[in-house]
Amino acid sequence: MKVINFADQKSVISQYMMELRNVDIQRDMLRFRRNLERIGELMAYEISRTLNYRKETITTPLAPCECDVIADQVVLATIFRAGVPFHLGFLNIFDTAQNAFVSAYRKYKEKENFDVCIEYLASPRLDDKVLIIADPMLATGASMELSYRALLTKGTPREIHVASVIASSKAIDYIKATFPDAETTVWVGAIDPDINSHSYIVPGLGDAGDLAYGVKE
């Protein structure tokens with residue numbers, strides 16, 4: 001399994017990551033959502049470089065022209081609700097892709113004890129397609145795994161790309177242990193060392209859903 005960590009490279013993603021983490025800048029919900037979207041766009045571009053292409057001849061106003069176009073069928077999946085602006089960034093690039101949506105949420109039994117629940121799934125068939133699952137925060141990996149298992153009821157993809165803005169080291173290990181090794185690539189803006197007793201990534205950035213859309217009850 002490949003893990004691509006953009007923190008190991010110098011790029012504009014580092015600037016957007018700083019703004020997402022900064023407690024003063026992240027108070028601007030519009031900017032927070034836009035930064036998630038922009039990172040999604042840049043990750044989508046990098047993923048596009050790994051896909052298969054075919055030749056297609058089109059006609060310009062002056063002459064025929066042979067172009068490379070994506071041959072793979074791409075499905076963009078996201079986990080509600082924090083994943084929506086991140087997902088939009090991918091959709092801005094893969095603008096003809098099919099889309100899948102999963103609702104995965106924490107159902108708390110006690111203050112620091114919860115189960116991850118799946119209540120909603122809308123997805124096309126996935127057989128032999130390239131599946132990109134975009135969720136900005138990969139804290140434990142449990143929500144990502146359960147969402148992936150739910151998506152598998154719609155078929156088996158040929159390739160899987162797990163895309164997150166921030167992941168914990170624990171979550172990376174979990175994904176390596178639970179996803180098919182040869183078919184999976186993980187793309188992250190940064191890998192943080194810890195999660196706290198509430199399973200939030202540390203230093204992380206806080207609750208991405210609340211920062212994007214407002215505090216929930």
Q. Parallel under 30°, tilted from 30 to 60°, perpendicular over 60°: which one fits the rings of F80 and Y120?
A. parallel
Q.
If you define the side chain from C-beta out and look only at heavy atoms, does anything of Y53 sit under 4.5 Å from S48?
A. yes
Q | Minimum heavy-atom distance between N99 and H87, given as atom pair plus value | A | OD1-NE2, 2.7 Å
(Q) In the structure I gave you, are the side-chain heavy atoms of Y200 and I195 within less than 4.5 Å of one another anywhere? (A) no
Q | Pairing of R33 and E37 as salt bridge, 4.0 angstrom limit | A | no
**Q.** Same cluster (ILVMFWY, side-chain, under 4.5 Å), V186 and I132
**A.** no
Q) How far does CG of D173 sit from OG1 of T178, to the nearest 0.5 angstrom? A) 10.5 Å
Q. Which heavy atom in I172 sits nearest to a heavy atom in A167, and how many Å separate them?
A. CD1-CB, 3.9 Å
Q. Is there a donor-acceptor pair closer than 3.5 Å between any side-chain N or O of D181 and the backbone N or O of M1?
A. yes
(Q) Please find the pair of heavy atoms, one from T57 and one from P64, that lie closest to each other, and give the distance. (A) CG2-CB, 4.1 Å
Q: Give a yes or no on whether a salt bridge exists between D72 and K129, defined as a side-chain N under 4.0 angstrom from a carboxylate O.
A: no
Q: Among Q15, E19, M17, M18, find the residue that satisfies the side chain to side chain contact (heavy atoms under 4.5 Å, CB included) test when tested with N35.
A: E19
Q) Counting N and O atoms only, with roles assigned by atom type, does the side chain of T78 sit under 3.5 Å from a partner on the main chain of A134, one being a donor and the other an acceptor? A) yes
Q) Is a side-chain N or O of E183 found less than 3.5 angstrom from the main chain of R158, in a donor-acceptor match? A) no
Q) S168 side chain to A139 main-chain N or O, any donor-acceptor pair under 3.5 Å? A) yes
Q: Tell me whether L91 is reachable from F94 by hopping between hydrophobic residues (I, L, V, M, F, W, Y) whose side-chain heavy atoms are closer than 4.5 Å.
A: yes
Q: Check whether any side-chain heavy atom of E159 sits under 4.5 Å from a side-chain heavy atom of T185, and report yes or no.
A: no
Q.
Would a single hydrophobic cluster contain both V162 and L151, if residues Ile, Leu, Val, Met, Phe, Trp and Tyr are joined by side-chain heavy-atom contacts under 4.5 Å?
A. yes
Q) CD1 of I4 to CD of E46: how many Å apart, nearest 0.5 Å? A) 9.0 Å
(Q) Let me confirm one number: the CD1-CD distance from I13 to E41, rounded to the nearest 0.5 Å. (A) 11.0 Å
Q) Are F32 and V12 connected, step by step, through hydrophobic side chains (Ile, Leu, Val, Met, Phe, Trp, Tyr) whose heavy atoms are closer than 4.5 Å? A) yes
Q.
If hydrophobic clusters are built by linking Ile, Leu, Val, Met, Phe, Trp and Tyr wherever their side-chain heavy atoms come under 4.5 Å apart, do F179 and Y174 end up in the same one?
A. no
**Q.** Side-chain (D192) to main-chain (G204) donor-acceptor, under 3.5 angstrom
**A.** yes
Q) Is S14 reaching over with its side chain to a backbone N or O of K10, donor-acceptor style, under 3.5 angstrom? A) no
Q.
Does any part of the side chain of E145, heavy atoms only, come nearer than 4.5 Å to the side chain of I175, both counted from C-beta?
A. no
Q: For residues Q26 and L20, determine if any side-chain heavy atom of one lies less than 4.5 Å from a side-chain heavy atom of the other.
A: no
Q | Check: R21 and I166 side chains under 4.5 Å, non-hydrogen atoms | A | yes
Q: Describe, in one word, how the ring planes of F86 and F90 are oriented to each other, choosing from parallel (under 30°), tilted (30 to 60°) and perpendicular (over 60°).
A: perpendicular
